[in-house]
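What follows is a short report on a single structure.
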Amino acid sequence: MANGWNGKLLRVNLTNGTSSVEDSSKYFEYIGGTGFGDRIMYEEVPVGTMPFDEANKIVVAVGPNTGSSAPCSGRTTFTSLSTYTKGNMVVNSHMGGELAVMLKYAGYDAVIVEGKAAEPVYIKINNDEVSIESAAEMWGKSTREASVMIQKKEGRGFTVVACGQAGENLVNLSCVINAANHSAGAGMGAIFGSKNLKAIAVYGTGAVHVADPKKILDLNNYVMKELMGSNNNHVVPSTERPWAEYYDPDSRWTGRPGLTWGAAEGGPVDTGDSEPGKINKFGYRCQKAFKDFGPASEKYTVKMTGCTSCPVRCSATVYLPKLEEEGYVAAVSNTCMPNFMWSKILNNYKDYEDEGDGRFYCNVAALSTADDLGLWDNYGELPNTITYFLKHDLLKEILPKEEYDSLLWDKYEAGDAAFIKDIMVRIATKQGELAHLGEGAYNVNERYKKLLGGKYLNALEMSVWSPLGWSKHHGNECDAQVGALTNLFFNRDCMCHTIVNAWGAGLPYEVKKEILEKRFGEGCLDKPKNYTPMNVAKAKFAKFGVVRQTLHDSFTLCNWVWPMTFSPCKERNYEGDLSVEAQYMTAITGEEWTEEKLDFAAERVLQLQRAMSVLWMGTNDMRHEHDAMTDWPFDMEPDFKPFEEGTIKMDRKDMELAYTMLYKEMGWDEKLGCPTRETLEKFGLNDVADKLASLNLLP
Ligand code: SF4
């Protein structure tokens, strides 16, 4: 066993009901998580396999840092084939919750699930005892019901990741859920469903072996005292505080005296001040329900929660008893898009206890339903699609009259979330024509192409980034070309927070600029809505963004907070420390790791991913076939020209230059955007280069 890694990979074959343990060390150079997942998919799943084929696999992987106690290290990556984008290429989904550390404690770096069970099953992993159990009684149940049933049977110590009805019914936009509210999306629910796999339950009692535990504790204190702010590493508070030089109303560091968890057990809790250095008050900084919904949420907030080993606690747990009366699970937690996207489907909201609380109730009801069904919103695309079809009166066009009339229009008029719930259930159980809206934007556009006339996929209100069907995930609003470029790398929404975290850290522009320019060069950071043309410093910054993201998803660390680009401490001149990941890697493994060496390993994963996309697409013209953007970033705000103050509109020619500059930074062919033999061999990917060459896919 090496320090950090367990050195073991569990393979479970659902077709013949067997499991085996293999040596995982041959994958160490891919770090873990995403890196393990991609390499294993590359080696084991033939190009052209479809997501629901028996030959498709699921790789559940963690990394050397998982469970080390480093802040935000409890993340898991699921890797498989995309269900919903054009070409069904390999995608990674990243989950928080408690699965990651449990898998590590059980003794594994990864689990490969292959084949297909004849009947519904769940995989039980109890340290080194592995079995495949019947899930007949859990099939048809919600993610949360199934998880509780398994825990009652196997013991409360097990953590369960389960698909819901959406997964069972092979709905493209589906997810799996762990610990009630933590999801892995990108169709992972349907991949589980296609294998007749309801859940994976894990219980581990082992240890994570690290070379230098004392150094890790020292690093933990250093990070929490000097470097870490709040969620998205916002390093200033959202309101003026006597201890803070700066504040920013957009900051997620919302905790302050007078702001309460009104529904806390034992009575309201005042979140108080949690200034830098006070590490025992860390969990009071981020008040996400208040950030998203304002005072309406305060009296329903029970606490902040989050993933194992995370002091930030970015997920707001709220309890709305009145929803229980209406048949919802009334206590939910979330932090991201589902917190506020679903309510946009309605035009007005019925209030519950107080005037103006209706939108909050509506979102919680919808979020609760989505988590139960294991329905994935595709970073807002599904609610956007439903809203688009409603707003443009398109449901009348696509639905048979009887189906259209059967929608709960009275609830719609009354501003009742029951309208949304009904639509979600129909999609998750594949009822009628409406269910096609759950196939993802690319497929929706293909199905109704004539009716939609190219407008839907290119509409600003849809925020679809790629014509292949993935959504914008912090794009051109974050440092123009830099944010835009990060959205082209992966085969789904990029989930890259490195740039948006730096962008939105809350410090004044000049402070951020000075710190970032030291690393990336002059001109890497534009003023908000005052963009300048593309330059090399921006290409370097964009590359850094995705390299660190890939490192975090492989290591594992939460890219919602990491890297430590800035600091909340005036004494540090607000400068963070980008070498901390490498310091952890050294302390964990006992080997010397520098920032450069670790970034190089993360880049190896990115290079492999790109090569895999070339293989799956069967073309090396990535510039046009993979990286092309939808029209809205170029056509938005018609009263503005690109680079005028006040707009985030992009310029087509400038964006082409941005691609070229980024391709150069990545060592890719500057015209095509695909990896060259020289670059692949630099990262030891000679076999990948040979494979591309054999298919005439090298430039
Ligand atoms: S910041 Fe949020 S998502 Fe990230 S590890 Fe912490 S609780 Fe989990």
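Side-chain N or O atoms of Trp342 include none that pairs as donor or acceptor with a backbone N or O of Ala365 at under 3.5 Å. A donor-acceptor pair under 3.5 Å is formed between the side chain of His552 and the backbone N or O of Arg548. At least one donor-acceptor pair under 3.5 Å links the side chain of Lys543 to the backbone N or O of Glu665. Between the side chain of Tyr84 and the main chain of Ala441, no donor-acceptor pair closer than 3.5 Å is present. In this structure, the side chain of Lys430 engages the main chain of Asn169 through a donor-acceptor pair within 3.5 Å.
Stacking of Lys195 on the aromatic ring of Phe52 is not recorded, the 6.0 Å distance cut-off and the 45° axial limit not both being met. For Lys198 and Phe192, the positive end is not near the middle of the six-membered ring at less than 6.0 Å and at most 45° from its axis.
How far OH of Tyr404 is from CG of Leu434: 11.5 Å, rounded to the nearest 0.5 Å. With rounding to the nearest 0.5 angstrom, the OG atom of Ser194 is 8.5 Å from the CG atom of Asp53. With rounding to the nearest 0.5 angstrom, the NE2 atom of His474 is 8.0 Å from the SG atom of Cys494. Thr550 OG1 to Arg604 CZ: the interatomic distance, rounded to the nearest 0.5 Å, is 13.0 Å. Rounded to the nearest 0.5 Å, atoms CG (Asn347) and CG (Leu390) are 8.0 Å apart. Rounding to the nearest 0.5 angstrom, the gap separating the NE2 atom in His436 from the CD atom in Glu439 is 5.5 Å.
Judged purely by distance below 3.5 Å, without hydrogens or angles, the side chains of Asp654 and Gln481 pair a donor atom with an acceptor atom. Side chains of Tyr442 and Ser466: no donor on one and acceptor on the other come within 3.5 Å. Glu670 and Thr660 share no side-chain donor-acceptor pair at under 3.5 Å. A donor and an acceptor atom, one from each side chain of Arg144 and Ser368, are located under 3.5 Å apart. Side-chain contact annotation: Tyr30 with Arg39, donor-acceptor N/O pair under 3.5 Å present. Between the side chains of Glu381 and Ser463, no donor-acceptor pair of N or O atoms lies under 3.5 Å. No side-chain N or O of Asp493 forms a donor-acceptor pair with one of Ser471 less than 3.5 Å apart.
No more than 12 heavy atoms of other residues, nucleotides or ligands shown are found within 6.0 angstrom of NZ on Lys86. Under a cut-off of 6.0 angstrom, the local environment of CG in Asn696 is sparse, with at most 12 non-hydrogen atoms contributed by other residues, nucleotides or ligands. In the displayed structure, Glu402 atom CD is contacted under 6.0 Å by at most 12 heavy atoms of other residues, nucleotides or ligands. Residue-environment remark: NZ (Lys649) exceeds the threshold of 12 foreign heavy atoms within 6.0 Å.
Ring to ring, His473 and Trp560 are not that close: their centroids are 6.0 angstrom or more apart. Aromatic pair Phe490/Trp470: centroids not less than 6.0 angstrom apart.
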### Message
With side chain to side chain donor-acceptor pair (under 3.5 Å) as the criterion, how do Glu403 and Ser406 come out once you've worked through the C-alpha distance, each side chain's angles and the decisive distance to 0.1 Å?
### Response
CA-CA 5 Å; Glu403 188 179 347; Ser406 72; over 6 Å; no
### Message
Would His392 and Glu397 count as a side chain to side chain donor-acceptor pair (under 3.5 Å) here? Give the steps.
### Response
CA-CA 10 Å; His392 298 281; Glu397 305 288 332; over 6 Å; no
### Test side chain to side chain donor-acceptor pair (under 3.5 Å) applied to His626 and Asp621, step by step
CA-CA 8 Å; His626 185 279; Asp621 185 3; over 6 Å; no
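Taking every heavy atom of both residues into account, Gly545 and Thr498 meet most closely at O-OG1, 2.8 Å. Nearest heavy-atom pair across Arg610 and Tyr663 is NH2-CE2, 3.8 Å. Across all their heavy atoms, Thr429 and Gln165 have their closest contact at CG2-CB, 4.5 Å. The two residues Gly115 and Thr15 make their nearest non-hydrogen contact at CA-OG1, 3.1 Å. For the residue pair Phe419 and Ile345, the shortest heavy atom distance occurs at CE2-CG2, 4.1 Å. Closest of all the heavy-atom pairs between Val90 and Thr79 is CG1-CG2, 3.6 Å.
Remark: of the listed residues Asp690, Leu692, Leu685, Val688, Asp690 is the sole one forming a side-chain contact (heavy atoms from CB on, under 4.5 Å) with Arg677. With respect to His94, the side-chain hydrogen bond (donor to acceptor under 3.5 Å, both in side chains) criterion is satisfied by exactly one of Asn559, Asp553, Thr556: Asp553. A side-chain hydrogen bond (donor to acceptor under 3.5 Å, both in side chains) with Ser80 holds for exactly one of Asn56, Asn88, Asn92; it is Asn56.
Ring geometry, Trp409 versus Tyr412: the interplanar angle exceeds 60°, so the pair is classed perpendicular (tilted spans 30 to 60°).
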